[in-house]
Amino acid sequence: MTTPTRDRVAAVLRHALAGAAAANGWSGTDAVPVEVEVPKDPAHGDYATSVALRLAKPLRRSPREIAAAIAAHVPREAPVASVEVAGGGFVNVRLDDAWLRAQVLEIAREADAYGRSERLAGTRIQVEFISANPTGPLTVANARGGPLGDVLANVLAFAGADVEREYYVEDRTAQVKRFGISLAVRYRQLFGERIDLPLDGYQGDYVGDIAARIKELHGGRFRDLSLEDQGAAFVPMAMDWMVADAQRVTAKLGIRFDSWFRQSSFIESGYLARTIDALRRKGVVVERDGVVFFETPEAVALRREGDEGWVLVDAAGEAKYLATDIAYHRLCLEERGVDLKLDVWGANTQYHVAQMKLVLPLLGIDAARFEVLLYQYVRFLKEGVLTRMGRRTGQFLLLEDVLDAVGADVARFFLLQRGADAPLDFDFELAVQHSNDNPVYYVQYAHARIASIFRTAAERGVAPDGGDVRLLVAPAERDLIRLCLRLPELLDEIVAHRGVHLLTVYALELAGAFHGFYRDHRVVSDDAALSKARLGLVRAVQVTLRQTLGLLGVSAPESM
RNA sequence: GCCCCCGUAGCUCAGUGGAUAGAGCGCAGGCCUCCGAAGCCUGAAGCAGCGGUUCGAGUCCGCUCGGGGGUACCA
């Protein structure tokens with residue numbers, strides 16, 4: 001349980017502003033939030049606020065005057081050592097060194113709890129991610145949402161939320177039917193029949209492999225069925241195998257889902273039909289030529305050129321994606337007790353998200369309970385050419401091949417280094433070639449080095465506990481402590497903005513600060529007292545690094 | 001055409017509206033009688049363009065030019 005230092009400072013500054021306002025008869029200071037940031041230039045202190053600059057206009061006072069008044073009302077007591085007005089009206093705060101040093105012991109004491117909070121306690125959040133079409137093996141494109149969703153789930157749980165990881169298995173779609181037909185064609189070919197894959201069939205070699213597996217298990221038992229019946233017979237088997245395969249490969253990526261929820265379950269239970277009925281009763285459904293549309297003035301307004309309407313059920317009676325997804329989300333949010341459903345989806349669902357945002361409130365579901373983290377797509381380099389991944393076309397890069405080549409740590413770290421909004425190009429050859437100088441090793445090396453320091457200390461009989469932190473007076477030591485204290489602040493930011501990739505940035509920064517410290521300062525030396533103090537500091541860094549890597553789902557090795 | 005995302009160093013990418021824009025790789029050079037050189041230090045090199053909002057813009061808004069995605073009775 002950790003209160004971010006920035007929150008403490010912000011509270012002090014808010015209080016000071018209130019005091020300054022009371023003393024000077026200012027009103028309306030509440031309208032401007034006291035935002036506290038970490039200045040880039042250490043000369044500007046540990047924390048700074050620009051609230052005086054923002055208040056200048058409404059108060060019709062100079063920023064420096066306001067800043068001075070705030071500064072005058074800040075009590076010089078821990079954690080604050082000094083306050084100064086700088087620049088055009090910044091209030092810069094410097095933390096008390098003794099307080100700062102004491103945090104070293106605090107972090108070590110908190111250990112596995114360091115960075116945790118109760119911010120989201122009592123909130124049940126479902127994070128749904130990957131959820132790839134069960135029509136083939138997972139690709140690198142599918143994988144992008146993996147670390148993103150998994151780490152987001154980690155961070156939310158760390159903040160006290162009751163988190164469940166869900167993989168939605170869409171096993172009743174038109175694509176799945178198409179996949180079944182492709183299996184049937186390959187099955188027939190195994191018996192020498194001359195038949196070609198339909199144009200919209202699945203081209204990948206794995207389709208033939210599955211057909212061969214069916215033949216091996218069942219021989220010619222299905223030979224007399226029609227193509228459609230063969231497809232229908234093969235799909236359930238194939239779905240089980242695809243899910244098992246996805247479970248195996250996501251486990252390799254270090255992800256464990258709490259549920260593998262099948263679309264067929266709520267179609268068979270009648271929940272889908274009941275949901276469509278519920279929409280009918282709301283008067284937002286119309287039928288034309290046997291096709292069931294969702295239609296409201298808002299929906300019509302959203303439509304783009306060529307958009308005939310939002311189809312719920314086609315003329316053949318097949319429910320479409322919009323319908324099943326409405327039912328699925330309603331099920332999660334209304335029946336399964338989820339407070340917030342947070343979907344991690346590819347950028348191509350952008351229009352669908354807008355549709356969902358419009359439909360769900362009509363079913364009495366607050367749109368704020370449905371949130372989507374969109375990530376841009378992955379392209380991969382095939383023989384030096386950028387290619388869009390598509391399973392149906394057979395153009396893809398298997399996630400498992402990447403994992404086998406570079407390992408889960410490297411793959412996760414790589415995928416988490418860029419923000420979800422940025423497109424991602426993946427050069428397999430380059431990834432393999434560069435895996436040895438991957439940034440993840442830089443971070444892990446820092447952790448292993450620390451472990452090594454403790455081994456050295458043990459060999460030399462230096463007990464790591466009970467050091468006097470007052471001996472930590474070097475600037476590099478102070479910087480390290482401050483950086484460790486940034487973790488809880490960063491986690492708050494990620495909870496607020498979902499930017500999980502910031503954790504990798506932070507890990508690199510902390511590792512870098514440690515490597516620099518290590519070069520200039522000997523931890524285990526002839527000076528026993530200083531050695532013990534520095535071991536305490538190094539312990540705090542180790543704890544922080546371990547917490548960060550743990551949230552990233554990347555291993556923290558003792559040696560490498 | 002319309003909608004969404006992106007354009008930062010040679011390459012891949014970070015950068016909650018703040019005070020001197022960062023990292024890795026690559027390139028040039030240097031550092032192990034001493035806790036791990038998977039490390040450290042030094043150097044060259046950058047916000048696509050034009051306007052606007054703001055005390056302050058890489059960050060927000062508009063336009064232009066590039067790149068990606070969507071625009072299905074696919075998901």
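In what follows, chains carry the letters A, B, and so on, assigned in the order in which the sequence lines appear, proteins first and then strands, with residues in each chain numbered from 1.
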Novice: Report which part of the nucleic acid A:Asn92 touches: base, sugar-phosphate, or nothing (heavy-atom distance under 4.0 Å, all strands).
Specialist: base

Novice: Sequence neighbours excluded, which residues qualify as side-chain contact (heavy atoms from CB on, under 4.5 Å) partners of A:Ala327?
Specialist: A:Phe266, A:Tyr271, A:Leu272, A:Thr275

Novice: Under 4.0 Å between a Lys/Arg side-chain N and an Asp/Glu carboxylate O for A:Arg262 and A:Glu170?
Specialist: no

Novice: Is A:Ala48 touching bases, backbone alone, or none of the nucleic acid, heavy atoms closer than 4.0 Å?
Specialist: base

Novice: Distance between the C1' atoms of B:G17 and B:U59, in whole angstroms?
Specialist: 7 Å

Novice: Under the rule for side-chain contact (heavy atoms from CB on, under 4.5 Å), what residues qualify as partners of A:Ala299, not counting sequence neighbours?
Specialist: A:Phe294, A:Thr296, A:Trp310

Novice: Scan A:Ala448 against the nucleic acid and name what it touches under 4.0 Å (heavy atoms): base, sugar-phosphate only, or nothing.
Specialist: base

Novice: Please check if the number of heavy atoms outside A:Glu308 that lie under 6.0 Å from its CD is greater than 12.
Specialist: no

Novice: Reckon A:Lys320 has a side-chain N or O less than 4.0 Å from the OP1 or OP2 of B:C74?
Specialist: yes

Novice: On RNA chain B, compare the nucleotides closest to A:Ala347 and A:Ala86; which residue's is nearer the 5' end?
Specialist: A:Ala86

Novice: Pick the C1' atom in B:A45 and in B:G39, then give their distance to the nearest Å.
Specialist: 24 Å

Novice: Remember a base hit wins even if backbone is also touched, and classify A:Gln376 as base, sugar-phosphate or nothing at under 4.0 Å, heavy atoms.
Specialist: base

Novice: Roughly how far apart, to the nearest Å, are B:C32 and B:C41 at atom P?
Specialist: 15 Å

Novice: Who passes salt bridge (Lys or Arg N to Asp or Glu O under 4.0 Å) against A:Asp492, sequence neighbours left out?
Specialist: A:Arg119

Novice: Could you pull out all residues at least two apart from A:His329 that satisfy ring pair (Phe, Tyr, Trp, His ring centres under 6.0 Å)?
Specialist: A:Trp345, A:Phe370

Novice: Using atom C1' in both nucleotides, what's the gap between B:A44 and B:A48 to the nearest angstrom?
Specialist: 22 Å

Novice: Take atom CG of A:Asp520 as the centre, draw a 6.0 Å sphere, and report whether it contains more than 12 heavy atoms from other residues, nucleotides or ligands.
Specialist: yes

Novice: Assign each of A:Ala319 and A:Ala511 to its nearest nucleotide of RNA chain B by heavy atoms, then name whichever residue's nucleotide is nearer the 5' end.
Specialist: A:Ala511

Novice: Could you tell me which residues satisfy side-chain hydrogen bond (donor to acceptor under 3.5 Å, both in side chains) with A:Asp314, sequence neighbours excluded, listed by chain and number?
Specialist: A:Lys320

Novice: Please tabulate, one pair per line, each protein N/O and nucleotide N/O from nucleotides 13-16 of chain B that are separated by under 3.5 Å, including the distance.
Specialist:
residue: B:A14; atom: OP1; partner: A:Gly419; partner atom: N; Å: 2.4
residue: B:A14; atom: O3'; partner: A:His501; partner atom: NE2; Å: 3.3
residue: B:G15; atom: OP1; partner: A:His501; partner atom: NE2; Å: 2.5

Novice: So, do A:His44 and B:A19 meet the stacking rule of ring centres under 5.5 Å and planes under 30°?
Specialist: yes

Novice: Which whole number of Å gives the distance between the P atom of B:C13 and that of B:G29?
Specialist: 29 Å

Novice: Dot-bracket for RNA chain B, please. Rules: Watson-Crick or G-U, both distances under 3.5 Å, ( ) within the strand, [ ] when a pair crosses earlier ones, | for another strand, . otherwise.
Specialist: (((((((..((((....[...)))).(((((.......)))))....(((((..]....))))))))))))....

Novice: Once you apply a heavy-atom cut-off of 4.0 Å, does A:Asp421 come out as touching a base, just sugar-phosphate, or nothing?
Specialist: sugar-phosphate

Novice: Provide the distance between the two C1' atoms, one in B:G58 and one in B:G15, to the nearest whole Å.
Specialist: 8 Å

Novice: What contact category does A:Glu558 fall into here, base, sugar-phosphate, or nothing, at under 4.0 angstrom with non-hydrogen atoms?
Specialist: base

Novice: Can you find a donor-acceptor pair, distance only, under 3.5 Å between A:Asp314 side chain and B:A72 base?
Specialist: no

Novice: Please state the C1' separation for the pair B:C47 and B:G7 - nearest whole angstrom.
Specialist: 10 Å

Novice: Could you tell me whether the side-chain ring of A:Tyr442 sits stacked on the base of B:G39, using a centroid cut-off under 5.5 Å and a plane angle under 30°?
Specialist: no

Novice: So does A:Lys177 have more than 12 non-hydrogen atoms from other groups sitting under 6.0 Å from NZ?
Specialist: no

Novice: Does B:C32 sit syn or anti, given that only angles within 90° of 0 count as syn?
Specialist: syn

Novice: Quick check, are the ring centers of A:Phe514 and A:His447 under 6.0 angstrom apart?
Specialist: no

Novice: Please list, chain by chain and in numerical order, all residues satisfying salt bridge (Lys or Arg N to Asp or Glu O under 4.0 Å) with A:Arg455, sequence neighbours excluded.
Specialist: none

Novice: Mind checking salt bridge (Lys or Arg N to Asp or Glu O under 4.0 Å) for A:Lys341 and listing every partner two or more places apart, or none if nothing turns up?
Specialist: A:Glu128, A:Asp343

Novice: Could you measure the distance from the CZ atom of A:Arg482 to the OH atom of A:Tyr47? Nearest 0.5 Å is fine.
Specialist: 6.5 Å

Novice: Which is true for A:Ser531 with a 4.0 Å heavy-atom rule: it touches a base, it touches only sugar-phosphate, or it touches nothing?
Specialist: nothing

Novice: Using atom C1' in both nucleotides, what's the gap between B:G24 and B:A9 to the nearest angstrom?
Specialist: 12 Å

Novice: Which residue pairs satisfy the salt bridge (Lys or Arg N to Asp or Glu O under 4.0 Å) criterion with at least one member in residues 493-514 of chain A, sequence neighbours excluded?
Specialist: A:Arg6-A:Glu493, A:Glu371-A:Arg498, A:Arg486-A:Glu493

Novice: Near RNA chain B, which residues from residues 50-60 of chain A have a heavy atom under 4.0 Å away?
Specialist: A:Ser50, A:Leu53, A:Arg54, A:Lys57

Novice: Enumerate the protein-to-nucleotides 33-35 of chain B contacts in which both atoms are nitrogen or oxygen and the separation is below 3.5 Å.
Specialist:
residue: B:C34; atom: O2'; partner: A:Arg522; partner atom: NH1; Å: 2.7
residue: B:C34; atom: O2'; partner: A:Arg522; partner atom: NH2; Å: 2.6
residue: B:C35; atom: O4'; partner: A:Arg522; partner atom: NH2; Å: 3.0
residue: B:C35; atom: O2'; partner: A:Thr456; partner atom: OG1; Å: 2.5
residue: B:C35; atom: O2; partner: A:Val523; partner atom: N; Å: 3.4
residue: B:C35; atom: O2; partner: A:Val524; partner atom: N; Å: 2.9
residue: B:C35; atom: N3; partner: A:Val523; partner atom: N; Å: 2.9
residue: B:C35; atom: N4; partner: A:Tyr518; partner atom: O; Å: 2.8
residue: B:C35; atom: N4; partner: A:His521; partner atom: O; Å: 2.8

Novice: Is the distance between the ring centroids of A:Tyr167 and A:Phe129 under 6.0 Å?
Specialist: no

Novice: Salt bridge between A:Arg303 and A:Glu295, side-chain N to carboxylate O under 4.0 Å?
Specialist: yes

